[in-house]
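Residue numbers start from 1 in every chain, and the chains themselves are labelled A, B, ... in the order their sequence lines are given, proteins ahead of strands. Every heavy atom of this structure was used, including side-chain atoms; hydrogens, water molecules and symmetry mates were not.
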2 protein chains.
Amino acid sequence: MGRQQRYDRTETVEKAMNLFWRGGYSGTSMRDLEEGLDMRPGSIYANFGNKEQLYKESMDLYADKSFTAFQSHIEKADSFMEGLELFIKQLLFTYETPCSCMLAKTLADINPDSAALREKASQMIGDFEDTLVSELEKAKASEEINRNCDVRSLARYIQVQIIGLRSYAEMQKSVITVNELLDDALQAIRKKAGSKN
Amino acid sequence: MGRQQRYDRTETVEKAMNLFWRGGYSGTSMRDLEEGLDMRPGSIYANFGNKEQLYKESMDLYADKSFTAFQSHIEKADSFMEGLELFIKQLLFTYETPCSCMLAKTLADINPDSAALREKASQMIGDFEDTLVSELEKAKASEEINRNCDVRSLARYIQVQIIGLRSYAEMQKSVITVNELLDDALQAIRKKAGSKN
DNA sequence: TAGCTTTTTGAGTGATCGTTCAAAAAAAGT
DNA sequence: ACTTTTTTTGAACGATCACTCAAAAAGCTA
């Protein structure tokens, strides 16, 4: 019944995500997308509605991939801190994708017509924070981190470290330099996790 | 000799800087600038060449203002750490301007035609790092920080903290939350400044 | 006042923006 | 073969983009 679809939807959104991640919302034109997705405008609009909706779906996929990557690193590691280190290293040293966080970039891209995108980015960062809190609570239960540690506060602190590291790494610094910064950040996180504040 | 200029150049660049800082490069159109500066396109082009050059002059002014603010806080404070705290608080809690760093936003705005802007932003962040190094060396001389401290490494670490805090603060978090994050960051900086790595 | 110089003006340029839609193409049912 | 249903196509739309330039405006000197 009817012509069969030429494009796999998830593959398409993944391509769009990579284009948007690199170029930003206003920096990526529909014509860039047409070329990158190898789709004509009519197909894009039939499948996704408009540019903003395609961006939203790209953000959803980004959040999903980030969440999955984090969970998988945590699960395969022997401790929360080891998993966190592996996760952040993957973020900083996967050269096919930009270093900086797509959600942080969205927050930076603040032109007034896309207030909804800003809001969505804020909410998604909040969601990841909740994931961190839940994993930190498990780590507290297994006595990896101090029982008096404020896990919500620690989760926010970890977010600041990740966002800062990723933004800084965006300017093509040497692997040695970035690794040194990562070590310092992890040490500070361990300190806060172990302290009795 | 000729008609007198209607616009003060520095005032104009300051207005442009604020528009660009909020909206980004691709997010701020020439028509936004025409309205914000109260200038017709011909005047803007006669004075600044083109949009990219006006952006460069805006970045120069931004760097200059940041540098001056930092130096003034350091000078009026009794110690490096106290000055740094005042400086960062000003960055985070001046509500007339965006929280996030204009240079970090420029790095995020990576569309290929503006590679020169990216380069300039990287270089300027490097310049501020040099300023930090020089002030840290003074602090080392006055024995505020440990004599074995690697000041270059510490300067980079401080940059990561500032960029991370400013990005995070961009998403309208409460003053209490941001202040708590700032305290944690300052504590970690103090720790690294005092340690013997 | 006339002539010279400098600055500002704003309508207008071609290019590109996001978006639309009638027509073509490709499958399945009759 | 023919109809029906679904998807893809791409020329074209009005709006907006960065930008130009001839003309007007506003100062100076003679």
Q.
Test of understanding: with side-chain contact (heavy atoms from CB on, under 4.5 Å), list the residues that count as partners of Gln123(A), not counting sequence neighbours.
A.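 Counting only residues at least two positions away or on another chain, Gln123(A) forms a side-chain contact (heavy atoms from CB on, under 4.5 Å) with Asp127(A).
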Spacing between [X] atom [atom1] and [N] atom [atom2], to the nearest angstrom:
X: Glu35(B); N: dC17(D); atom1: CD; atom2: P; result: 11 Å
X: Glu52(B); N: dC17(D); atom1: CD; atom2: P; result: 18 Å
X: Arg31(A); N: dC13(D); atom1: CZ; atom2: P; result: 13 Å
X: Leu33(A); N: dT16(C); atom1: CG; atom2: P; result: 17 Å
X: Asp32(B); N: dA18(D); atom1: CG; atom2: P; result: 8 Å
X: Phe48(B); N: dA18(D); atom1: CZ; atom2: C1'; result: 16 Å
X: Met30(A); N: dC13(D); atom1: CE; atom2: P; result: 19 Å
X: Asn50(A); N: dA15(D); atom1: CG; atom2: C1'; result: 16 Å

Q) Quick one: does Thr68(B)'s side chain have a donor or acceptor within less than 3.5 Å of a partner on Asp64(B)'s backbone? A)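 Confirmed, Thr68(B) side chain pairs with Asp64(B) backbone.
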Q) For Phe48(B) and Gln53(B), which heavy atoms make the closest approach, and how far apart are they? A) O-CB, 3.1 Å
(Q) Holding to side chain to side chain donor-acceptor pair (under 3.5 Å), I want the full list of residues that pass it with Arg9(B), two or more places apart in sequence or in another chain. (A)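 Arg9(B): side chain to side chain donor-acceptor pair (under 3.5 Å) contacts with Glu57(B).
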Q) If pairs are Watson-Crick or G-U with both distances under 3.5 Å, what is the dot-bracket string of DNA chain D, marking crossing pairs with [ ] and pairs to another strand with |? A) ||||||||||||||||||||||||||||||
Q) Are Val151(B) and Ile145(B) close enough that some pair of their side-chain heavy atoms sits under 4.5 Å apart? A)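 Val151(B) vs Ile145(B): side chains touch.
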Q) Are Tyr45(A) and dT20(C) close enough that a side-chain N or O sits under 4.0 Å from OP1 or OP2? A) no
Q: Answer yes if Ile74(A) and Leu86(A) sit in the same cluster of Ile, Leu, Val, Met, Phe, Trp and Tyr residues linked by side chain heavy atoms under 4.5 Å apart, and no otherwise.
A: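 Result: no, two separate clusters.
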Q) Can Tyr62(A) and Phe20(A) be said to form a ring-ring contact (aromatic ring centres under 6.0 Å, His included), step by step? A) CA-CA 11 Å; Tyr62(A) 175 83; Phe20(A) 278 134; over 10 Å; no
Q) Looking for any heavy atom pair under 4.0 Å, which part of the strands does Ser26(A) touch: base, sugar-phosphate only, or nothing? A) nothing
(Q) Strictly under 4.0 angstrom, non-hydrogen atoms only: write out the protein contact profile of nucleotides 3-10 of chain D, one letter per nucleotide from the 5' end, B, S or -. (A) --BBBSBB
Could you pull out every donor-acceptor pair under 3.5 Å between side chains of residues 90-107 of chain B and any protein atom, sequence neighbours left out?
residue, atom, partner, partner atom, Å
Thr94(B), OG1, Gln90(B), O, 2.5
Thr97(B), OG1, Thr94(B), O, 3.4
Ser100(B), OG, Glu170(B), OE1, 3.2
Lys105(B), NZ, Ala108(A), O, 3.0
Lys105(B), NZ, Trp21(B), O, 2.7
Lys105(B), NZ, Arg22(B), O, 3.1
Thr106(B), OG1, Tyr55(B), OH, 2.7
Thr106(B), OG1, Met102(B), O, 2.7

Q: Just jot down the salt bridge (charged side-chain N to carboxylate O under 4.0 Å, His left out) partners of Glu144(A), sequence neighbours excluded, or say none.
A: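 Applying salt bridge (charged side-chain N to carboxylate O under 4.0 Å, His left out) to Glu144(A) gives none.
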